[in-house]
Amino acid sequence: MRRPVLLVVAHGSRDPRHAATVHELVRRVRALRPGLRVETGFLDFSVPSVNGVLESLDAEGVRDVVALPLLLTRAFHAKADIPAVLVEAPPRLRIRQAEVLGPSPLLLAALERRLYEAGLTPADKSSTGVVLASAGSSDPEAIAVIADVAREWRHTGWCAVRPAFASASLPRTEDAVRELRALGCARVAVAPYVLAPGRLPDRIARGAAGADVLAGVLGPSPEVAQVLLERYDAARTPVLTALGA
């Protein structure tokens, strides 16, 4: 039985760094799972569009697709934008929408990887306060998930972890940096909880001006690629509806 095609659905951006990072991540996914066909579609700004990819797959005779939102939280894009695009797909396609990437222990590992690449060491954890800086959302569920991730990450040994948001919600990155300074952390690091460069990650970077360390975006880290494959596998596995089925 042929495996469904994995369609990575990215938001898109006017910033060319965004698409370049998405494509680099997809290349890593392909390298981890040789033989799996992985395509990329964008909701806006970048090409190819999600609709365009789906129409091309249908024309080739593909019938099964797993559409995977390249998102860290289940907010408006995952709940509304992506389903609205998928429902317009050619009717012969059988499409399953996978879950968003977060939360996942692998994403916490990717965040730490980026902090260590920026100059921290595991020995610095107990004296370092971290700002978990996300893009932000008006969706309460998404905001609650970011707060939960910050609490969970704090329990791994950091001096403190505070969530911050580049848009829609408060506090901002610079506010969280000041809070950690006031708390008495010996150093403050900002960990962008975003997948690719763009306008909001740039805003996070500006807000990190008072921090000691600014990590890079998650990007094509091996942990993120592994989460993509985990979400794909979960979505393509038939749901067992009867005991012992």
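The first residue in the sequence is number 1, and the count goes up from there.
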J.: Between Arg181 and Glu179, is there a side-chain N and carboxylate O pair less than 4.0 Å apart?
T.: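 No, no charged N to carboxylate O under 4.0 Å.
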J.: Determine whether Leu107 and Glu223 satisfy the following criterion, side-chain contact (heavy atoms from CB on, under 4.5 Å), listing intermediate values before the conclusion.
T.: CA-CA 6 Å; Leu107 294 178; Glu223 295 87 355; 6.0 Å; no
J.: Of all heavy-atom pairs between Arg162 and Ala176, which one has the smallest distance, and what is that distance?
T.: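 Heavy atoms only, the tightest pair is CB-CB, 4.3 Å.
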J.: Before giving the answer on side-chain contact (heavy atoms from CB on, under 4.5 Å), spell out for Arg199 and Arg203 the whole-Å C-alpha distance, their side-chain angles and the decisive distance to 0.1 Å.
T.: CA-CA 6 Å; Arg199 178 176 59 88; Arg203 186 178 297 173; 3.2 Å; yes
J.: Nearest 0.5 Å, what's the CH2-OG1 distance between Trp158 and Thr128?
T.: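 So the gap between those two atoms works out to 5.5 Å.
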J.: Flag the pair Val217 / Leu195 as yes when at least one side-chain heavy-atom distance between them is below 4.5 Å, and no otherwise.
T.: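 SC-SC contact between Val217 and Leu195 ruled out.
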J.: Got a sec, which residues hit side chain to side chain donor-acceptor pair (under 3.5 Å) with Arg94, two or more places apart in sequence or on another chain?
T.: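 Once residues adjacent in sequence are excluded, the partners of Arg94 under the side chain to side chain donor-acceptor pair (under 3.5 Å) criterion are Asp64.
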J.: Rounded at 0.5 Å granularity, tell me how far CG in Leu68 sits from CG in Leu70.
T.: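 Reported to 0.5 Å precision, the distance equals 7.5 Å.
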J.: To the nearest 0.5 Å, tell me how far Asp44 CG sits from Asp81 CG.
T.: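 It is 9.0 Å, given to the nearest 0.5 Å.
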J.: Would you kindly confirm whether Leu214 and Leu111 end up in one hydrophobic cluster when ILVMFWY residues are joined by side chain heavy atoms under 4.5 Å apart?
T.: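 Different clusters: Leu214 never reaches Leu111 through Ile, Leu, Val, Met, Phe, Trp or Tyr contacts under 4.5 Å.
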J.: Would you check if Thr73 and Val100 make a side-chain contact, meaning some heavy-atom pair closer than 4.5 Å?
T.: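 No; the side chains remain at least 4.5 Å from each other.
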J.: Is the shortest side-chain heavy-atom distance between His18 and Pro197 below 4.5 Å?
T.: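 No; the side chains remain at least 4.5 Å from each other.
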J.: So does Arg187 pair up with Asp124, basic N to acidic O under 4.0 Å?
T.: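 Judged by the 4.0 Å cut-off on N to carboxylate O distance, Arg187 and Asp124 do form a salt bridge.
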J.: Drop me the distance from Gln226's CD to Ser221's OG, to the nearest 0.5 angstrom.
T.: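 The CD atom of Gln226 sits 11.0 Å away from the OG atom of Ser221.
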J.: Any donor and acceptor pair, going by atom type alone, linking the side chain of Thr173 with main-chain N or O of Ala208 inside 3.5 Å?
T.: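 Looks like no, no N/O pair under 3.5 Å.
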J.: Side-chain heavy atoms nearer than 4.5 Å, only ILVMFWY residues, links allowed to pass through others: does that put Leu6 and Val53 together?
T.: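 Unlinked, Leu6 and Val53 end up in two clusters.
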J.: Please write out which residues are connected to Leu170 in a hydrophobic cluster, directly or through intermediates, given that two of Ile, Leu, Val, Met, Phe, Trp, Tyr count as joined at side-chain heavy-atom separations below 4.5 angstrom.
T.: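 The other cluster members (ILVMFWY side chains, heavy atoms under 4.5 Å, direct or chained): none.
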J.: Looking at side-chain heavy atoms only, is the closest gap between Tyr232 and Val38 below 4.5 Å?
T.: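 Side chain of Tyr232 against side chain of Val38, heavy atoms only: no contact under 4.5 Å found.
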J.: Spell out, as yes or no, whether a donor-acceptor pair under 3.5 Å connects the side chain of Asp212 to the backbone of Ala189.
T.: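 It does not hold such a pair.
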J.: Could you check whether any side-chain N or O of Gln97 sits under 3.5 Å from a backbone N or O of Ala78, counting only pairs where one atom can act as donor and the other as acceptor?
T.: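 Indeed, once roles are kept as given, a pair shorter than 3.5 Å links the two residues.
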J.: Do you know which two heavy atoms are closest between Ala118 and Val213, and how far apart they sit?
T.: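 That would be CB-CG1, 3.6 Å.
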J.: Within the 4.5 Å heavy-atom criterion, are Pro4 and Val66 side-chain neighbours or not?
T.: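 Yes, side chains in contact.
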J.: In terms of side-chain geometry, is the basic nitrogen of Asp175 or Arg178 positioned less than 4.0 Å from the acidic oxygen of its partner?
T.: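 Salt bridge between Asp175 and Arg178, a charged N being under 4.0 Å from a carboxylate O: yes.
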J.: Counting distance only, does the side-chain N/O of Arg74 pair as donor-acceptor with the main-chain N or O of Leu71 below 3.5 Å?
T.: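 Side chain of Arg74 to backbone of Leu71: no pair is present.
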J.: Using the side chain to side chain contact (heavy atoms under 4.5 Å, CB included) definition, which of the options Val50, Thr40, Val62 pairs with Leu7?
T.: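 For Leu7, the side chain to side chain contact (heavy atoms under 4.5 Å, CB included) check succeeds only for Val50.
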J.: Could you tell me whether the side chain of Arg30 reaches within less than 4.5 Å of the side chain of Leu36, counting heavy atoms only?
T.: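 No, every pair of side-chain atoms sits at 4.5 Å or beyond.
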J.: Which heavy atom of Ala160 sits nearest a heavy atom of Cys185, and at what distance?
T.: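 Reported closest heavy-atom pair: CB-SG, 4.3 Å.
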J.: Are Arg33 and Asp233 within salt-bridge range, i.e. N to O under 4.0 Å?
T.: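 The answer is yes: the pair qualifies as a salt bridge.
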J.: Stepwise, does the side-chain contact (heavy atoms from CB on, under 4.5 Å) test hold for Ile82 with Leu86?
T.: CA-CA 6 Å; Ile82 293 175; Leu86 298 181; 3.8 Å; yes
J.: What pair of heavy atoms forms the shortest contact from Leu218 to Pro192, and how long is it?
T.: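 So the two residues come closest at CG-O, 4.2 Å.
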J.: Is Arg114 reaching over with its side chain to a backbone N or O of Gly216, donor-acceptor style, under 3.5 angstrom?
T.: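 It does not hold such a pair.
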J.: Within the structure provided, determine whether Glu39 and Val8 are in side-chain contact (heavy-atom separation under 4.5 Å).
T.: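 The answer is no, as the side chains (C-beta and beyond) never meet within the 4.5 Å cut-off.
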J.: Hey, is Glu60 close enough to Arg37 for a salt bridge, meaning N to O under 4.0 Å?
T.: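 Yes, this pair counts.
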J.: Is atom CD of Glu99 surrounded by more than 12 heavy atoms (other residues, nucleotides or ligands) closer than 6.0 Å?
T.: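 It does not: Glu99 CD has 12 such atoms or fewer within range.
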J.: For Ala211 versus Val190, what's the shortest heavy-atom pair and its separation?
T.: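 So the minimum-distance heavy-atom pair works out to CB-CG2, 3.8 Å.
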J.: About how many Å separate OH of Tyr193 and CG of Leu72, when rounded to the nearest 0.5 Å?
T.: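 The distance works out to 5.0 Å.
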J.: Side-chain contact test, heavy atoms from C-beta onward, threshold under 4.5 Å: evaluate it for Pro220 versus Arg27 and give yes or no.
T.: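 The answer is no, as the side chains (C-beta and beyond) never meet within the 4.5 Å cut-off.
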J.: If only atom types and distance count, is the side chain of Lys125 paired as donor or acceptor with the main-chain N or O of Thr156 below 3.5 Å?
T.: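 Checked: pair present.
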J.: Would you give the length of the straight line joining atom CD1 of Ile204 to atom CZ of Phe165, rounded to the nearest 0.5 angstrom?
T.: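 Between Ile204 CD1 and Phe165 CZ, I get 10.5 Å after rounding to 0.5 Å.
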J.: List the steps and the verdict of side-chain contact (heavy atoms from CB on, under 4.5 Å) for Leu108 and Glu152.
T.: CA-CA 9 Å; Leu108 292 181; Glu152 179 181 351; 3.8 Å; yes
J.: Are Leu120 and Trp153 linked, directly or through intermediate hydrophobic residues, by side-chain heavy-atom contacts shorter than 4.5 Å (ILVMFWY only)?
T.: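 As far as the 4.5 Å side-chain criterion goes, Leu120 and Trp153 are connected within one cluster.
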J.: Kindly give the heavy-atom pair with the smallest separation between Ile143 and Ser137, and that separation in Å.
T.: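 Closest approach of Ile143 to Ser137: CD1-O, 3.4 Å.
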J.: Ignoring hydrogens and angles, tell me if any N or O in the side chain of Arg172 forms a donor-acceptor pair with the backbone of Ala164 under 3.5 Å.
T.: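 Here the side-chain-to-backbone pair does not exist.
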J.: What class does the angle between the rings of Phe45 and His11 fall in, given that below 30° is parallel, 30 to 60° is tilted and above 60° is perpendicular?
T.: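 Rings of Phe45 and His11: tilted, as their planes differ by 30° to 60°.
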J.: With a 4.0 Å cut-off, would you call Glu174 and Arg206 a salt bridge?
T.: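 No, no charged N to carboxylate O under 4.0 Å.
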